[in-house]
A.B. asks: 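A single structure is presented below for examination.
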Amino acid sequence: MGTPPRSPLRALLTGLTVLTTTAAAALTATTATAAVATPSRTTACTGYVGLTFDDGPSGNTTGLLNTLRQNGLRATMFNQGQHAAANPSLVRAQASAGMWIGNHSYTHPHLTGLSQSQIDSEISRTQQAIAGAGGGTPKLFRPPYGETNATVKSVAARHGLTQIIWDVDSQDWNGASTEAIVQSAARLTNGQTILMHDWSANTRTAIPRIARGLASRGLCAGMISPQTGRAVAPG
């Protein structure tokens, strides 16, 4: 006897089964491919460095924050008080992105040429501007141009601030190329900090390569300790 003809209903059910099986297999293959294409970002940290950006917030801050987050980096933003007061939403964006916010004076003057009361005004107004914008009360202070003396340091200390200079200067303020900035970051060692700027387009372009370079050396972006002034594991 020949094989009896299948009913239309049975044929339909068989076709649906084949389609479902094929779709499931395709989904499994796609998922597997995605898993391979997206490696884990978990990296063992054998040391920490401090990435610092001066002079913000500015019209470049949003792009800078996006690039840092895309590359799994956190940084310390040394904000000028006048810019924080004018751009409170950007200060909040810095905090929301997981960045640490420091004091970089109110108008970026040469502090060593000012009186003690003028220095106090520069520092205190910046503390108020950052806190008022939602950035918390800074614990770190970077004097403009890295210029300091005993008076500047003591006034900062009275406001609960630890003075932070830098170990490596990226020279982005001096027109350094992206390649030169990447090479500067390659000199960082455990606990050290690098000077960069919020407004530098070359620095922003360098960030993905800086991130890869640090990871290849087992270094992670850390916070700057108010106790030691050194980069440490995020608290």
Side-chain angles (χ1 to χ4, degrees), residues 50-62 64-65 68 74-95 97 99-176 181 184 192-201 203-204 223-231:
L51 306 179
T52 70
F53 294 87
D54 289 9
D55 294 349
S58 72
N60 297 309
T61 299
T62 299
L64 174 61
L65 293 176
L68 288 169
R74 297 174 72 185
T76 300
M77 316 304 248
F78 283 104
N79 287 343
Q80 288 187 37
Q82 60 183 345
H83 298 328
N87 301 283
S89 64
L90 292 178
V91 176
R92 289 192 293 274
Q94 291 172 332
M99 307 302 156
W100 300 280
I101 301 174
N103 183 319
H104 193 42
S105 81
Y106 201 86
T107 64
H108 207 274
H110 294 276
L111 292 177
T112 55
L114 301 183
S115 68
Q116 183 171 316
S117 63
Q118 289 173 320
I119 295 169
D120 189 274
S121 176
E122 284 283 334
I123 292 175
S124 63
R125 284 192 296 159
T126 303
Q127 291 292 86
Q128 293 164 12
I130 291 172
T137 301
K139 297 180 180 178
L140 305 176
F141 170 67
R142 170 165 288 162
Y145 314 103
E147 296 173 351
T148 189
N149 56 26
T151 303
V152 171
K153 193 170 183 178
S154 66
V155 172
R158 284 206 302 271
H159 288 281
L161 292 162
T162 299
Q163 180 176 277
I164 305 296
I165 308 297
W166 54 81
D167 298 291
V168 175
D169 183 351
S170 71
Q171 290 282 314
D172 62 351
W173 56 272
N174 198 28
I181 294 166
S184 292
Q192 291 189 333
T193 62
I194 182 171
L195 169 68
M196 296 178 285
H197 289 80
D198 170 280
W199 46 262
S200 171
T203 293
R204 181 179 164 188
M223 65 177 285
I224 300 174
S225 167
Q227 286 73 43
T228 66
R230 303 273 294 169

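Remember, predicted model here, so these are calculated numbers, not experimental data.
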A.B. asks: Looking at side-chain heavy atoms only, is the closest gap between W173 and W199 below 4.5 Å?
C.D. replies: yes
A.B. asks: Quick check: does any side chain N or O of Q192 sit under 3.5 Å from a backbone N or O of A231, one acting as donor and the other as acceptor?
C.D. replies: no
A.B. asks: Not counting sequence neighbours, which residues clear side-chain hydrogen bond (donor to acceptor under 3.5 Å, both in side chains) with T76? List them please.
C.D. replies: none
A.B. asks: So which pairs with a foot in residues 159-169 pass salt bridge (Lys or Arg N to Asp or Glu O under 4.0 Å), sequence neighbours left out?
C.D. replies: none
A.B. asks: Sequence neighbours left out, what passes side-chain hydrogen bond (donor to acceptor under 3.5 Å, both in side chains) with S200? Give chain and number order.
C.D. replies: T203
A.B. asks: Okay, side chain of N79, backbone of G81: is any donor-acceptor separation there less than 3.5 Å?
C.D. replies: no
A.B. asks: With sequence neighbours left out, write down each residue that passes side-chain hydrogen bond (donor to acceptor under 3.5 Å, both in side chains) with T52, or none if nothing qualifies.
C.D. replies: R142
A.B. asks: Which residues pass the ring-ring contact (aromatic ring centres under 6.0 Å, His included) test with H110, sequence neighbours left out?
C.D. replies: Y145
A.B. asks: Mind checking the NZ-OG1 spacing from K153 to T162? Nearest 0.5 Å is all I need.
C.D. replies: 9.0 Å
A.B. asks: Taking only residues two or more places apart in sequence or in another chain, which ones pass side-chain contact (heavy atoms from CB on, under 4.5 Å) with T107?
C.D. replies: Q82, P109, E122, R125
A.B. asks: To the nearest 0.5 Å, how far apart are CG in L114 and OG1 in T151?
C.D. replies: 11.0 Å
A.B. asks: Does the side chain of S115 come within less than 4.5 Å of D120's, by heavy atoms?
C.D. replies: no
A.B. asks: Does the plane of the ring in H104 sit parallel, tilted or perpendicular to the ring in H108? Use 30° and 60° as the thresholds.
C.D. replies: perpendicular
A.B. asks: About how many Å separate CD1 of I164 and NZ of K139, when rounded to the nearest 0.5 Å?
C.D. replies: 12.5 Å
A.B. asks: Flag the pair T137 / I130 as yes when at least one side-chain heavy-atom distance between them is below 4.5 Å, and no otherwise.
C.D. replies: no
A.B. asks: To the nearest 0.5 angstrom, please state how far the CG atom of L195 sits from the CH2 atom of W166.
C.D. replies: 5.0 Å
A.B. asks: Evaluate the side-chain proximity of P143 to Q163: yes if any heavy-atom separation is below 4.5 Å, no if none is.
C.D. replies: yes
A.B. asks: Does I123 offer a backbone N or O that forms a donor-acceptor pair with the side chain of N103 under 3.5 Å?
C.D. replies: yes
A.B. asks: Applying side chain to side chain contact (heavy atoms under 4.5 Å, CB included), run through L90 and T62 and close with a yes or a no.
C.D. replies: CA-CA 7 Å; L90 292 178; T62 299; 3.6 Å; yes
A.B. asks: Out of curiosity, T61 OG1 to H83 NE2, how far, rounded to the nearest 0.5 Å?
C.D. replies: 9.5 Å
A.B. asks: Measuring from N60:CG to F53:CZ, what's the distance to the nearest 0.5 Å?
C.D. replies: 12.0 Å
